[in-house]
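First up is the structure itself, then whatever we jot down about it.
As the structure lists them, so they are numbered: ligands from 1, and atoms in each ligand from 1.
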Amino acid sequence: MDQTHYRSCNLCEAMCGLQIEVKNGTIQNFKGDILDQFSRGHICPKGPELKSLYEDPDRIKFPIKRTNSGWEKVSWVEALSDIAKQIVDLQTKYGNDVVAIYNGNPNVHNYGSMLYGQRFTSRIKTKNNFSATSVDQLPHQLLSYLMFGHQLLVPIPDIDRTTYFLILGGNPFASNGSLMTVPDVKKRLKAIQDRGGKYVVIDPRKTETAEHANEHIFIKPGTDVFFLLSLLNVIFEKKRNKPNSLVNEEDLNSIQRLTNEFHPTVVSKITGIPMDTIERIAMEFVNAPSAVCYGRVGVSTQEFGALCQWLINVINIVTGNLDKEGGAMFTLPAVDLVGEGSTMRSSPGSFNTYQSRVRKLPEFNDELPVSALAEEILTDGEGQIRVLATSAGNPVLSTPNGSKLEKALSQLDLMISFDFYLNETTKHAHYIFPPTSTLEHDHYDLIFNVFAVRNTSRYNQPLFQPEEGMLHDWEIFSDLTKRIELVRSGKELPSELIRTKLTPASIIDHALKSGPYGSKNNTEIQMSLELLKNSPHGIDLGPLKKSFPERLYTKDKKIQLFPTLLQNDIPRLKTKFNEHLNSGHSNFPYLLIGRRHLRNNNSWMHNLPKLMTGKPRCTMMVHPDDASLLGISNHEEVIVESKVGKLRIPVEITDELMKGVVSIPHGFGHNRSGTNQKVATQFSGVSINDLTDDQSIDEFSGNAAFSGIQVKILKISD
Ligand SMILES: Nc1nc2c(c(=O)[nH]1)N[C@H]1C(S)=C(S)[C@@H](COP(=O)(O)OP(=O)(O)OC[C@H]3O[C@@H](n4cnc5c(=O)[nH]c(N)nc54)[C@H](O)[C@@H]3O)O[C@H]1N2
Ligand SMILES: Nc1nc2c(c(=O)[nH]1)N[C@H]1C(S)=C(S)[C@@H](COP(=O)(O)OP(=O)(O)OC[C@H]3O[C@@H](n4cnc5c(=O)[nH]c(N)nc54)[C@H](O)[C@@H]3O)O[C@H]1N2
Ligand code: SF4
Ligand SMILES: [Mo]
C-alpha cells in the first residue's frame, strides 16, 4: 500500500517533522515536513536513519537470556515471570535498595517508556535510582527547582526574537540544540544576525557554531564560573542592573558583594579571556534591546556546574531579560508538566533529602548521581546494590570511569536491560527485554515540548506494525510491574501477558483535554488527541509568552535569586579561585574536553552504516603548537593518560582547539568483546569515559564533571 506518513523525529531534542513516502510497505523517501510550522522542513542526516534502525539486522526483537552457552531466545512470559520472582526474592532478602535502576537518554524521547518506566520505578521503591540526568542537565533542573520552584521550569532562549545571544558550552550546529528545542537552529541563528543582532560563543573549541558566530572567544575549560562572575562584576560596577520586583533586595546585595571579588583583571588570568573582552561582552549584553545568556553541556558538566547555571540565570534576571521577549522565557506546553492543578504535573523536585551510601552524594528528584553507581555495587555492606535494571542507556560508555562500572556490572547477582541492542552495557545483563523501535510506535513528545522555543504540539501514529509478539517499552514495563505486585502479594502468575487498557495515548488525551489549550481552558483550540490525530503536521501554539509571577512556583511567589543552599557552595568556589591563581606545573598538563558530531547520537547510532561514512571521527584534536611541542604529527597514534586510565588514539591537528586543550568525542569504544553491533565494531574508536573520573564531580549537585579532565599525552616511540 502506498502512503505518506508524517511524524516528528525523536532522535534528538529538535523534534523535526518528517515526511516519509512508503510504497508496498517499504520506505522510498524521507524528507523534512515543510508543513510542520515549527521545523519548517528541516532535518539532519540522522532523521532518515530511523529506517536503518528499523531494518538493522542486529536489532533484537524478542527477549533473550544469557546462558553458559550464549544468548538464548526465551518467551516474554517466562522471562518476565522469572525476573519478577527474582526481584521480589532479592528485595525480601536484602531490602528494596538492593535494586538499582538506570534510565538512559532515549527514555525522555519515548513517552510510553517514560510513563510506564516511572511507574515501574516507583513500585520498585528503591533509593538507588540513577539516570543520564547526572551526566547532563542536572544543574539546570536543580537551579530551576531552587530558584523558580519547579525543576522543569527551565528558562529557554527566545532565539527567534533576541538581539544578543551569548552561548557558553553548547554547540547547536552539531547537537541541534539542547534545553532549547530548536529545529533549524542554523537558520534561526542566522536570522539574529540578519536582523542586526549578534550571537557570541564562549568555548575552548572553535566549533561549527562558533565558526558562524559574530564572535568566538576561547575559554580555559572549567573556568566559566569565574567568567560569569566577572560579567556580573562589570554589570554591577557600572550600575547597569535593572530592578525586578520579584527578587529580594538582600539577595541582590549579597551577590553584588560576592562579585566584587571577581574583577575582570584577575578573572582574565584564569579564563584566558582578556579583561577588555569581558568588559565589552558585559556592556554589549546590557546594551542590547534584548539579550539571553545560555549555557549547555559544556558548562553543566563542570566542577561548578550548578553555580554556572545559577549565574546564567542571575545574569538574565538582573539585566531584565528573564521572562521577557527576546530573553530567557518559559513554555506553556499542551501537556503541562509544571502547572499546579495539571493532571500531569511532575514532582517540582527535591534535593539532598537522602544521600548515597558510600560517598554521601546528594539526591535530586529521588535520584542519586550516576558517578556513584559503580562504587555502590563494588562496596560491600548493608544497602549494597546487587541488582540493576538499565533502560535505554549505555552507562559503560556514557558515564565517568566506564571501565570501573564495567567491572561492577560483572559482579551483579542480577541485571536486566530494556534495549534493542547488545552493547557494551547490555552484554552484562542476564536478560535483555527489547522494545519496538520508533517507527513501530506512536509518538508524543512529553519532554521536549517543555523546552521548545515555541509552544507546539504534535502526535503521530506508528508507521509499521511491529512483528507478531513484539512489545513496546510501556507494555514490557506494565507487565513486569504487575507481575512484581502479584508475586509480592503471593498470587499466582498468569501464563499470558498482562495487558492494560490504559495506553500512553489515552493518558495523553486526558492531559491534553484538561491542559492549558484543552476544551476546559481554551474554547478556541479545544486541544485533544483527536485534534492532533487530524493535524499530522502538528499545531503551532505561538511564541513563548510572559508567564511570571503566575507560573512561579516558589512558596512566596518570588524568584529565589540566591538560594540559601547554594550559598554553602561559595567557600568551595573561593578555594578553587585561589588554587587557580596559584597553580603551577602539573603532571597532567592538558585539559581534555568532549565533542559531539552531527552524525553521532551519544553511543548508540554507530551501527547505522550511512551515518558512519566520512572522515574518522574518534580522534584526539590538538592545537598545532601543542602537537609540535609533543613532536606528534597528524593521524599518528598517541597514548592519552588520566588519573584513572589510558587509551590509544589517532591525532587530529587543528587550530580549532585552544592551546593546552585536547578533545575526544564520547560514545565510542565499541571494541569490547561480547557485543553485537557489527558496524559499530568496525568504527570502534575508544571511550573518553575510560579517562574521565567518577570522583570528578560538581560536589554541590553531584553532576559529573567531564569538562577539563587533566591528562598527559605520550608519544608512542617507534
Ligand atoms: N548529533 C548529536 N546531537 C545530539 C547529541 C549527540 O550525541 N549527537 N546528544 C544529545 C544530547 S544527549 C545532548 S545533552 C545535547 C547536548 O547539546 P550541546 O550542549 O549543544 O552539545 P555539545 O556539542 O556537547 O556542546 C558542548 C560544548 O561545550 C564545549 N565545552 C567543553 N568544555 C567547556 C568548558 O569548560 N566551557 C565552555 N564554555 N565550553 C566547554 C565543547 O567544546 C562543546 O562545543 O545534544 C543532543 N544532540
Ligand atoms: N565524556 C562525556 N560523556 C558523556 C557526555 C559528554 O558530553 N561527555 N554526554 C552525556 C549525556 S548529555 C548523555 S544524555 C549521556 C547519554 O548516555 P546514555 O543514555 O546512557 O547512553 P546512550 O548512548 O544515549 O544509550 C542509549 C541506549 O538506549 C537504547 N535505545 C534507543 N532508543 C530506545 C528506546 O526507544 N527504548 C529502549 N528501551 N532503548 C532505546 C540504545 O540502543 C542505547 O543502548 O551520555 C553522557 N556521557
Ligand atoms: S535534528 Fe534531531 S530531530 Fe531533527 S532530524 Fe536530526 S535527529 Fe531528528
Ligand atoms: Mo544529554
task = Could you establish whether Gly222 and ligand 1 come within less than 4.0 Å of each other, counting only heavy atoms on the residue side?
result = yes

task = Would you mind checking which non-hydrogen protein atom is closest to atom 10 (C) of ligand 2, with the distance to 0.1 Å?
result = Val135 O, 3.4 Å

key: ligand 2 contact on Thr425 by region, counting heavy-atom pairs under 4.0 Å   = neither

message = So, regarding Asp473 and ligand 2 (criterion: nitrogen or oxygen to nitrogen or oxygen, under 3.5 Å), is there a contact or not?
response = yes

Side chains of residues 430-439: which donor-acceptor pairs under 3.5 Å do they make with residues two or more places apart or in other chains?
unit_1, atom_1, unit_2, atom_2, d
His430, ND1, Met415, N, 2.9
Tyr431, OH, Asp82, OD2, 2.5
Thr436, OG1, His472, ND1, 2.8
Ser437, OG, Glu440, OE1, 3.0
Thr438, OG1, Asn10, OD1, 3.1
Thr438, OG1, Asn10, ND2, 3.1

request  = If you have a sec, work out which protein heavy atom is nearest atom 33 (C) of ligand 2 and how many Å separate them, to one decimal?
outcome  = Phe420 CZ, 3.5 Å

key: Residue and atom name of the nearest protein heavy atom (relative to atom 29 (C) of ligand 2), distance in Å to one decimal   = Asp419 OD2, 3.2 Å

ask   = Hey, do the aromatic rings of Phe668 and Phe683 have their centres closer than 6.0 Å?
value = no

query = Does an N or O from Asp203, backbone or side chain, lie closer than 3.5 Å to an N or O of ligand 1?
reply = yes

Carboxylate-amine/guanidinium contact Glu49 Lys46, below 4.0 Å = no

ask   = Among protein heavy atoms, which lies nearest atom 19 (O) of ligand 1, and at what distance?
value = Val297 N, 3.1 Å

message = Could you check whether Tyr199 and His212 have their ring centres less than 6.0 Å apart?
response = no

inquiry  = In terms of relative ring orientation, are Phe262 and Phe226 parallel, tilted or perpendicular, with 30° and 60° separating the classes?
reply    = parallel

task = Evaluate the side-chain contact (heavy atoms from CB on, under 4.5 Å) criterion for residues Asn401 and Asn689: first the C-alpha distance (whole Å), next the side-chain angles of each, then the deciding distance (0.1 Å), finally the verdict.
result = CA-CA 5 Å; Asn401 204 347; Asn689 286 324; over 6 Å; no

inquiry  = Under a 4.0 angstrom heavy-atom cut-off, which atoms of ligand 2 come close to Ser603?
reply    = 22 (P), 23 (O), 25 (O)

request  = Assess Lys220 for proximity to ligand 1: is some non-hydrogen atom of it under 4.0 Å away?
outcome  = no

Tyr421: ring-ring contact (aromatic ring centres under 6.0 Å, His included) partners, not counting sequence neighbours = none

key: Which atom of Thr692 lies closest to which atom of Val644, heavy atoms considered   = O-CG2, 3.3 Å

query = Do any heavy atoms of Gln302 fall under 4.0 Å from ligand 1?
reply = yes

inquiry  = Polar contacts were defined as any N/O atom of the residue lying under 3.5 Å from an N/O atom of the ligand; does this apply to Tyr102 and ligand 2?
reply    = yes

Sub-4.0 Å atoms of ligand 2 with respect to non-hydrogen atoms of Gly104 = 19 (O)

key: Contact (N/O only, under 3.5 Å) between Glu13 and ligand 1   = no

ask   = Counting each atom of ligand 1 from 1 as listed, which ones have a heavy atom of Asp224 under 4.0 Å away?
value = 34 (C), 35 (O), 36 (N), 37 (C), 38 (N)

Ligand-side contact atoms (ligand 2) for residue partner Asp136, heavy atom cut-off under 4.0 Å = 12 (S), 14 (S)

message = Nearest 0.5 angstrom please: Lys615 NZ to Glu652 CD, how far?
response = 4.5 Å

inquiry  = Return the OG1 to CZ distance between Thr481 and Phe120, rounded to the nearest 0.5 Å.
reply    = 6.0 Å

key: Student check: side-chain heavy atoms of Tyr102 and Ser398 closer than 4.5 Å   = yes

query = In terms of side-chain geometry, is the basic nitrogen of Asp56 or Lys51 positioned less than 4.0 Å from the acidic oxygen of its partner?
reply = no

inquiry  = To the nearest 0.5 Å, what is the distance between CG on Leu142 and OG on Ser300?
reply    = 11.0 Å

Salt-bridge present (Arg205, Asp655; N to O < 4.0 Å) = no

remark   = protein heavy-atom neighbour closest to atom 1 (N) of ligand 2 works out as Asn689 OD1, 2.9 Å

Side chain, backbone, both or neither: Asn110 near ligand 2, heavy atoms under 4.0 Å = side chain

request  = Could you establish whether His597 and ligand 1 come within less than 4.0 Å of each other, counting only heavy atoms on the residue side?
outcome  = yes

request  = Examine Thr436 against ligand 2 and note whether any of their N/O atoms are separated by less than 3.5 Å.
outcome  = no

remark   = The protein heavy atom nearest to atom 6 (C) of ligand 2 is His666 ND1, 3.5 Å

request  = Using non-hydrogen atoms of the residue, decide whether Ser113 is closer than 4.0 angstrom to ligand 2.
outcome  = no

inquiry  = Check this for me: does any side-chain nitrogen of one of Lys678 and Asp58 sit under 4.0 Å from a carboxylate oxygen of the other?
reply    = yes

task = Tell me, please: is Ile202 in heavy-atom contact with ligand 1, that is, under 4.0 Å?
result = yes

inquiry  = Can you report which non-hydrogen protein atom sits closest to atom 40 (C) of ligand 2, along with the distance?
reply    = Ala392 CB, 3.6 Å

query = By number and element, which atoms of ligand 1 are closer than 4.0 Å to a non-hydrogen atom of Asn171?
reply = 18 (P), 20 (O), 23 (O), 25 (O), 44 (O)

task = Considering heavy atoms of the protein only, find what lies nearest to atom 45 (O) of ligand 2 and give residue, atom and distance to 0.1 Å.
result = Ser398 CB, 3.3 Å

Ligand-side contact atoms (ligand 2) for residue partner Phe418, heavy atom cut-off under 4.0 Å = 37 (C), 38 (N), 39 (N)

inquiry  = Within the 4.0 Å heavy-atom shell around Ala174, which atoms of ligand 1 are there?
reply    = 1 (N), 2 (C), 3 (N)

ask   = For atom CD of Gln465, is the number of surrounding heavy atoms from other residues, nucleotides or ligands below 6.0 Å larger than 12?
value = no

key: Test of proximity, Asn105 against ligand 2: N or O pairs below 3.5 Å   = yes

message = So, 4.0 Å and heavy atoms of Gly594: is ligand 2 close enough to count as a contact?
response = no

query = Considering only the protein, which heavy-atom contact is closest to atom 8 (N) of ligand 1, and what is its distance?
reply = Asn600 O, 2.6 Å

task = Return the residue, atom name and 0.1 Å-rounded distance of the protein heavy atom closest to atom 24 (O) of ligand 1.
result = Arg596 NH1, 2.8 Å

Per-residue contact class, Asn394 against ligand 2 - non-hydrogen pairs under 4.0 Å = both

request  = Just jot down the ligand 1 atoms closer than 4.0 angstrom to any heavy atom of Asn601, in number order.
outcome  = 5 (C), 6 (C), 7 (O), 8 (N), 9 (N)

ask   = Among Asn423, Asn394, Thr425, Asn105, whose side chain to side chain donor-acceptor pair (under 3.5 Å) with Ser603 holds?
value = Asn394

task = Kindly confirm or rule out an N or O of Cys12 lying under 3.5 angstrom from an N or O of ligand 1.
result = no

key: Parallel, tilted or perpendicular: rings of Phe464 and Tyr54 (30°, 60°)   = parallel

